[in-house]
Amino acid sequence: MRDAIRNALEHAAELTRKDRLVDALSVGEAAINQATDSERPEIKQWLADHANDFTGQGN
């Protein structure tokens with residue numbers, strides 16, 4: 001996965017934790033839309049591995 005996509009997903013997680021859900025969705029969706037077909041499985045795995053980053057749980 002490209003660094004720009006990972007950074008956008010991390011930013012979306014931060015926005016989610018700050019209750020800026022519309023902004024988070026916009027950032028995350030844009031990142032996913034830029035992904036190539038070969039990057040999508042890695043993004044899916046990253047999201048599964050980092051679910052707590054979005055909820056703030058486990059910190």
Side-chain angles (χ1 to χ4, degrees):
M1 167 179 11
R2 287 172 278 162
D3 288 340
I5 292 173
R6 179 175 284 111
N7 290 338
L9 294 174
E10 290 170 351
H11 185 58
E14 180 182 337
L15 291 169
T16 300
R17 290 190 307 272
K18 293 180 179 180
D19 292 327
R20 294 180 53 195
L21 302 180
V22 173
D23 295 331
L25 181 59
S26 179
V27 169
E29 182 179 31
I32 291 168
N33 286 340
Q34 291 179 14
T36 64
D37 288 341
S38 64
E39 289 173 308
R40 292 183 192 277
E42 187 178 357
I43 291 170
K44 184 177 178 180
Q45 185 62 53
W46 188 93
L47 289 169
D49 292 346
H50 292 87
N52 289 340
D53 294 351
F54 288 84
T55 64
Q57 296 176 356
N59 294 332

Fill in: Distance (rounded to the nearest 0.5 Å) between D53 CG and E14 CD
11.0 Å
Item to complete: Check T16 against A24 and note the closest heavy-atom contact, atom names and distance.
Response: OG1-CB, 3.2 Å
Discussion item. On a heavy-atom basis, which atom in L15 and which in V27 lie closest, and how many Å separate them?
Written reply: CD1-CG2, 4.0 Å
Discussion item. Applying a strict under-4.5 Å side-chain criterion to I, L, V, M, F, W and Y, I'd like to know whether I43 and F54 cluster together.
Written reply: yes
Item to complete: Nearest 0.5 Å please: distance from the CD atom of E29 over to the CD atom of Q34.
Response: 11.5 Å
Discussion item. Restricting to non-hydrogen atoms, name the atom on A31 and the atom on A8 that form the minimum distance, rounded to 0.1 Å.
Written reply: CB-CB, 3.6 Å
Discussion item. So which atom in I32 and which in R40 form the shortest heavy-atom distance, rounded to 0.1 Å?
Written reply: O-NH1, 3.2 Å
Worksheet, complete the sentence: For T36 and R2, the nearest pair of non-hydrogen atoms, with its separation, is N-NH2, 4.1 Å
Worksheet item: Residues in side-chain contact (heavy atoms from CB on, under 4.5 Å) with R6, at least two apart?
Response: M1, D3, E10, E42, W46
